[in-house]
Q: 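Following this message is one structure expressed as structure tokens.
Here is the naming used below: chain letters follow the sequence lines, and residue numbers restart at 1 for every chain.
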Protein chains: 2
Amino acid sequence: MKKNINFKKILRSAKLKKTTPRIAILKVLSKTKHPETTQEIYKKLKKTGIDLTTLYRTLASFEKSGLVRKVDLHKDTIYYESNLSHHHHIICTKCNKIEDFENLEIEKVLKQIIKKSSKFKDIKNHSLELFGFCRGCA
Amino acid sequence: MKKNINFKKILRSAKLKKTTPRIAILKVLSKTKHPETTQEIYKKLKKTGIDLTTLYRTLASFEKSGLVRKVDLHKDTIYYESNLSHHHHIICTKCNKIEDFENLEIEKVLKQIIKKSSKFKDIKNHSLELFGFCRGCA
DNA sequence: TTTTTTGCAAAAGGTTTGCAACACG
DNA sequence: CGTGTTGCAAACCTTTTGCAAAAAA
């Protein structure tokens with residue numbers, strides 16, 4: 001019953017025109033659990049015939065308007081992830097397994113950090129990823 | 001008096017052979033305060049005549065042995081930073097100003113997170129960067 | 001002397017740009 | 001209708017690979 005996400009509404013609130021490619025891209029992103037590269041997302045879009053260039057441009061504009069965020073998995077390429085729920089990752093540097101986590105303490109600590117900062121008085125975003133070997137690879 | 005860093009010693013303890021390019025690259029990295037791209041580092045090395053390929057390979061091996069780490073500044077390219085002191089960054093998304101910070105609380109919180117994890121039992125590394133507008137740009 | 005590293009040239013891969021056609025509002 | 005968006009082709013830039021020469025241990 002809660003299955004249909006209103007993509008048009010999302011685009012409207014992001015002040016982006018609702019176009020076929022954008023809706024298709026949003027759809028793919030919303031189904032994606034873990035961060036993916038542009039190329040990976042592109043593969044999933046192949047059936048739609050959407051151009052790679054369009055995907056690059058769309059991801060850039062989505063990022064600017066906060067619909068997706070960039071995630072660094074220490075992999076020489078940038079990964080994107082839907083920004084609908086804020087969470088972080090633990091990545092196995094051997095098998096690339098990813099575990100998500102949320103943590104409220106982090107937000108508190110960040111507030112302390114900002115308080116101490118001389119140049120900044122608030123932050124809009126943050127990234128936090130942990131790296132190690134998972135139990136299987138340890 | 002404490003000015004000379006013993007680059008050879010660093011390489012030895014990283015189990016890397018001490019070669020001219022590696023020492024030159026270490027030297028540049030040690031002088032660098034903030035994360036830099038491979039290309040930026042390359043420019044600083046121009047006078048030494050070190051090849052770009054060598055730089056790429058060297059940074060990769062330095063990263064593997066923990067001498068440098070990758071930093072994601074949400075900029076479509078990977079930045080490297082000497083790993084001699086562990087700290088994090090606050091980046092102004094407008095003017096690119098960078099402020100460093102250290103925080104011990106973070107490490108504590110990370111330990112809690114790992115305790116809760118089902119797939120991981122320890123981590124070797126982590127990244128944390130904050131993004132926002134600095135006071136000048138706000 | 002054996003092994004690793006380097007430099008060069010070339011290839012590969014990913015991302016961006018220019019522009020005309022098209023779609024949205 | 002005007003403006004923003006798309007698709008295509010080409011350009012661009014960064015990173016990687018193969019191999020022979022040079023340097024390290």
Side-chain angles (χ1 to χ4, degrees), chain A residues 6-29 35-65 67-81, chain B residues 6-29 35-65 67-81:
Chain A
N6 193 336
F7 297 115
K8 293 188 181 175
K9 199 173 175 184
I10 293 173
L11 286 173
R12 204 180 311 129
S13 63
K15 283 167 196 149
L16 293 172
K17 294 189 175 164
K18 1 193 175 334
T19 67
T20 316
R22 283 178 183 162
I23 289 171
I25 293 168
L26 263 189
K27 211 168 185 171
V28 166
L29 289 171
E36 289 191 322
T37 63
T38 308
Q39 303 287 336
E40 287 169 343
I41 298 167
Y42 182 56
K43 273 177 206 139
K44 295 193 179 175
L45 284 166
K46 208 175 263 168
K47 58 186 80 167
T48 68
I50 285 164
D51 193 73
L52 224 201
T53 309
T54 304
L55 178 58
Y56 274 104
R57 288 191 276 222
T58 304
L59 288 175
S61 79
F62 280 7
E63 206 249 337
K64 192 172 282 180
S65 49
L67 262 35
V68 298
R69 59 199 180 99
K70 294 181 181 176
V71 181
D72 176 28
L73 263 32
H74 288 191
K75 285 286 171 42
D76 293 341
T77 329
I78 282 148
Y79 287 69
Y80 284 96
E81 182 175 63
Chain B
N6 193 335
F7 298 115
K8 293 188 181 174
K9 198 173 177 185
I10 293 173
L11 286 173
R12 204 181 310 130
S13 62
K15 282 167 196 150
L16 293 172
K17 299 192 171 160
K18 4 193 173 337
T19 67
T20 316
R22 283 180 183 161
I23 290 171
I25 293 168
L26 263 189
K27 210 168 187 171
V28 166
L29 289 171
E36 290 191 323
T37 64
T38 307
Q39 302 287 336
E40 286 169 345
I41 299 168
Y42 182 56
K43 272 178 207 139
K44 295 192 178 175
L45 285 166
K46 207 174 263 167
K47 57 187 80 166
T48 69
I50 286 165
D51 193 73
L52 224 202
T53 310
T54 303
L55 178 58
Y56 274 104
R57 288 190 278 223
T58 304
L59 289 175
S61 79
F62 280 7
E63 206 248 338
K64 192 172 282 180
S65 49
L67 261 36
V68 299
R69 60 199 180 98
K70 295 181 180 177
V71 181
D72 175 28
L73 263 32
H74 287 192
K75 286 285 171 45
D76 292 342
T77 330
I78 283 149
Y79 287 69
Y80 285 96
E81 182 175 63

Q: Which nucleotide wins on minimum distance to the side chain of B/D51, given the candidates C/dC8, C/dT6, D/dA25?
A: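 It is C/dC8.
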Q: OP1 or OP2 of D/dA25 sitting under 4.0 Å from any side-chain N/O of B/K18?
A: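 Checking D/dA25 against B/K18, a side-chain N or O does come within under 4.0 Å of OP1 or OP2.
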Q: Whole Å only: how far is the CZ atom of A/R12 from the P atom of C/dG25?
A: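 Answer to the nearest Å: 9 Å.
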Q: Grab the NZ-C1' distance between A/K15 and C/dG25 for me, whole Å please.
A: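 It is 17 Å, rounded to the nearest whole Å.
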Q: Tell me whether the OP1 or OP2 atom of D/dT6 has a side-chain N or O from A/T19 closer than 4.0 Å.
A: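 For A/T19, the contact criterion (side-chain N or O under 4.0 Å from OP1 or OP2 of D/dT6) is met.
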Q: What's the closest nucleotide to the B/T53 side chain, out of D/dT16, D/dA24, C/dT6?
A: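 Nearest to the side-chain atoms of B/T53, counting from C-beta on, is D/dT16.
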Q: Using whole Å, what does the distance between atom P of nucleotide C/dA12 and atom CG of B/L52 come to?
A: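 Distance, rounded to whole Å: 19 Å.
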Q: Are the side chain of A/R22 and the backbone of A/K17 linked by a donor-acceptor contact shorter than 3.5 Å?
A: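 Side chain of A/R22 to backbone of A/K17: a pair is present.
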Q: For B/E40 and D/dC13, give me the distance from atom CD to atom P, rounded to whole Å.
A: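 Distance check: B/E40 CD to D/dC13 P gives 16 Å.
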Q: Would you give the length of the straight line joining atom CZ of B/R12 to atom CG of B/N6, rounded to the nearest 0.5 angstrom?
A: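 Taking CZ in B/R12 and CG in B/N6, the distance rounds to 6.5 Å.
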Q: Using a cut-off of less than 4.0 Å, is there contact between a side-chain N or O of B/K17 and OP1 or OP2 of C/dT3?
A: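 Checking C/dT3 against B/K17, no side-chain N or O comes under 4.0 Å of OP1 or OP2.
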Q: Rounded to the Å, how far apart are A/Q39 CD and C/dG14 P?
A: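 My rounded result for the distance is 5 Å.
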Q: Can you tell me the distance, in whole Å, between the CD1 atom of A/I78 and the C1' atom of C/dG14?
A: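 Rounding to the nearest Å, CD1 of A/I78 and C1' of C/dG14 are 11 Å apart.
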Q: Send over the distance from A/L11 CG to C/dC24 C1', rounded to a whole Å.
A: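 Atom-to-atom, A/L11 to C/dC24, this comes out as 12 Å.
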Q: Let me know the distance between CZ of B/R57 and P of D/dT17, rounded to the nearest Å.
A: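 Going from CZ in B/R57 over to P in D/dT17 covers 10 Å.
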Q: Of all the nucleotides listed (D/dG7, C/dT5, C/dG7), which has the minimum atom distance to the side chain of B/R22?
A: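 For B/R22, the side-chain atoms sit closest to C/dT5.
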Q: Could you walk me through whether B/L52 and B/Q39 pass the side chain to side chain contact (heavy atoms under 4.5 Å, CB included) check?
A: CA-CA 8 Å; B/L52 224 202; B/Q39 302 287 336; 4.2 Å; yes
Q: Using 0.5 Å steps for rounding, measure from the CG atom of A/L45 to the OG1 atom of A/T48.
A: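 Answer rounded to 0.5 Å: 4.5 Å.
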Q: Could you check A/L16 against B/L16 and say which one's nearest nucleotide on DNA chain D is further toward the 5' end?
A: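 Its nucleotide being nearer the 5' end, the pick is A/L16.
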Q: Would you mind telling me which residue lines up with the more 5' stretch of DNA chain D, A/T48 or B/T20, judged by nearest nucleotide?
A: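 With A/T48 and B/T20 compared, the 5'-side residue is A/T48.
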Q: Does A/I50 offer a backbone N or O that forms a donor-acceptor pair with the side chain of A/T54 under 3.5 Å?
A: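 Between the backbone of A/I50 and the side chain of A/T54 there is no qualifying donor-acceptor contact (under 3.5 Å).
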